[in-house]
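Note that the structure is predicted; figures quoted are calculated from it, not measured.
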Amino acid sequence: METPTRLGLLELWEQARGLHPLDRALAMAGAAFPDAPREALAELSAGERDAVLLELRRAAFGARMPGYADCPRCGQRLEFTLDAERVRLQAALPHTAGRTVRLESGLAFRLPTSRDLARVAGEGGPEAAARRLADLCRVEAADDGGAADWPDAVLAEVEAAMAEADPQADVELDFDCAVCGHPWRVPFDVAGYVWEEIESRAGRLLVEVHALARAYGWTERDILALSDARRAAYLELAGA
């Protein structure tokens, strides 16, 4: 796996900023494995992809992951810090791609990939998307362009089996409000979190490049090649 340079982060931000979130996640995974064909990355399970993104995040920004959540009852903002190593539940290299899960009923399903998620993104709501995803991932079923009429109990069993086989794809965070005591659970969007950090870092780099280029006439590449300490020292001298 490669760790993007500062210039690489800016190039990734430029490339991915206008993409659909699923394509953006693949672009970030591609930055970690630049030699991997995009088709291969698209066939990773959702959990494998997110494990890659967490490893990319750790390598680029460190293991400490700060964040916040607003209590749905009283609105109080709670700040928290996650450890990238503890959040990463799977290896950052493919191990589950193509793996199937089999229910007691005999039905078999492969784990969903980014390609599958893209195909259900336009479905009319989470339930319709889940049914369509089950239809796409059923191993012995041909894709007939429509979702099967899955009973709720079977659909719940499929979702539970997939979550057990690909745990990184279904990370949830538990909170207890320090003000009103309300407990709640929210899904953790790994790709969204990593992208927000890349976007924030790119914004800061652009400001620094602008200030130093105006002050000294240096090129973007020369400024980004400076260490963080030297760049900060020059910014202070330039009064930026």
Side-chain angles (χ1 to χ4, degrees), residues 1-17 21-22 24-34 41 44-72 75-95 163 166-179 182-209 211 223-236 240:
M1 196 196 85
E2 293 191 14
T3 303
T5 62
R6 298 179 192 90
L7 180 59
L9 282 175
L10 275 183
E11 291 174 342
L12 173 58
W13 166 79
E14 182 180 20
Q15 169 197 356
R17 61 194 298 243
L22 287 170
R24 186 182 297 150
L26 290 179
M28 291 187 287
F33 292 98
L41 294 174
L44 294 178
S45 73
E48 286 175 337
R49 181 206 64 196
D50 283 357
V52 168
L53 298 185
L54 284 169
E55 181 60 20
L56 172 68
R57 193 272 173 206
R58 186 202 60 77
F61 305 126
R64 185 175 177 273
M65 300 172 61
Y68 66 86
D70 295 327
C71 175
Q76 176 69 27
R77 175 157 293 183
L78 283 71
E79 297 183 354
F80 62 86
T81 300
L82 302 175
D83 185 327
E85 287 300 318
R86 295 187 65 181
V87 176
R88 184 165 60 83
L89 306 176
Q90 297 175 201
L93 293 175
H95 289 293
D166 199 24
Q168 193 72 75
D170 192 27
V171 176
E172 293 186 322
L173 303 180
D174 291 312
F175 295 98
D176 288 290
C177 182
V179 175
H182 177 65
W184 80 99
R185 172 177 291 184
V186 293
F188 180 51
D189 180 6
V190 171
Y193 182 93
V194 175
W195 172 250
E196 284 186 11
E197 290 198 306
I198 289 174
E199 196 169 38
S200 177
R201 180 64 61 87
R204 292 199 301 272
L205 288 174
L206 288 172
V207 170
E208 293 173 1
V209 167
I223 294 169
L224 295 176
L226 295 169
S227 68
D228 289 342
R230 290 177 63 186
R231 200 168 60 256
Y234 281 120
L235 285 167
E236 184 176 357

Quick one: pull up [atom1] in [X] and [atom2] in [Y] and give me the separation to the nearest 0.5 Å.
{"X": "E208", "Y": "L235", "atom1": "CD", "atom2": "CG", "result": "5.0 Å"}
{"X": "L173", "Y": "W184", "atom1": "CG", "atom2": "CH2", "result": "10.5 Å"}
{"X": "T3", "Y": "R58", "atom1": "OG1", "atom2": "CZ", "result": "7.5 Å"}

Worksheet item: Taking only residues two or more places apart in sequence, or in another chain, which ones meet F80 in a ring pair (Phe, Tyr, Trp, His ring centres under 6.0 Å)?
Response: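 Testing F80 for ring pair (Phe, Tyr, Trp, His ring centres under 6.0 Å), a comparison that skips the adjacent residues, returns F175.
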Worksheet entry | All ring pair (Phe, Tyr, Trp, His ring centres under 6.0 Å) counterparts of Y193, not counting sequence neighbours |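 Once residues adjacent in sequence are excluded, the partners of Y193 under the ring pair (Phe, Tyr, Trp, His ring centres under 6.0 Å) criterion are F188.
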Practice prompt. Return each pair, listed once, that meets salt bridge (Lys or Arg N to Asp or Glu O under 4.0 Å) where at least one residue sits in residues 185-195; pairs must be two or more places apart or across chains.
Written response: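 Every pair satisfying salt bridge (Lys or Arg N to Asp or Glu O under 4.0 Å) with a residue in residues 185-195: E172-R185, D174-R185.
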Discussion item. Filter on salt bridge (Lys or Arg N to Asp or Glu O under 4.0 Å), then keep only pairs touching residues 1-11, sequence neighbours left out; what's left?
Written reply: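 Residue pairs with at least one partner in residues 1-11: R6-D228.
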Decide yes or no for [X] and [Y]: does some side-chain heavy atom of the first lie under 4.5 Å from some side-chain heavy atom of the second?
{"X": "M28", "Y": "L12", "result": "yes"}
{"X": "L56", "Y": "P4", "result": "yes"}
{"X": "W195", "Y": "L53", "result": "no"}
{"X": "L22", "Y": "L26", "result": "no"}

Discussion item. Under a 3.5 Å distance rule, please check whether E55 uses its side chain to pair with a backbone N or O of A84 as donor and acceptor.
Written reply: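 Answer holds: no.
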Worksheet entry | E197: salt bridge (charged side-chain N to carboxylate O under 4.0 Å, His left out) partners, not counting sequence neighbours |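 By the salt bridge (charged side-chain N to carboxylate O under 4.0 Å, His left out) rule, E197 matches R57.
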Discussion item. Run the side chain to side chain contact (heavy atoms under 4.5 Å, CB included) test on Q168 and R88 for me, step by step, so that the C-alpha distance in whole Å, both residues' side-chain angles and the decisive distance to 0.1 Å come before the verdict.
Written reply: CA-CA 7 Å; Q168 193 72 75; R88 184 165 60 83; 3.8 Å; yes
For [X], which residues count as a side-chain contact (heavy atoms from CB on, under 4.5 Å) partner, sequence neighbours excluded?
{"X": "V179", "value": "C74, Q76, C177"}
{"X": "A163", "value": "D170"}
{"X": "R204", "value": "S200, R201"}
{"X": "A202", "value": "L10, W13"}

For the student: nearest non-hydrogen atoms of [X] and [Y], plus distance:
{"X": "A16", "Y": "R24", "result": "O-NE, 3.3 Å"}
{"X": "V209", "Y": "L224", "result": "CG2-CD2, 3.8 Å"}
{"X": "A25", "Y": "R49", "result": "CB-CD, 3.9 Å"}

Worksheet item: Would V190 and L54 satisfy side chain to side chain contact (heavy atoms under 4.5 Å, CB included), going step by step from the backbone distance to the final call?
Response: CA-CA 7 Å; V190 171; L54 284 169; 3.7 Å; yes
Practice prompt. Name all residues meeting the side-chain hydrogen bond (donor to acceptor under 3.5 Å, both in side chains) criterion together with D83; count only those two or more places apart in sequence or in a different chain, and write none if there are none.
Written response: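 Listed in chain order: nothing, the list is empty.
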Worksheet entry | E85, CD atom: more than 12 neighbouring heavy atoms under 6.0 Å |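 Result for CD/E85: enclosed.
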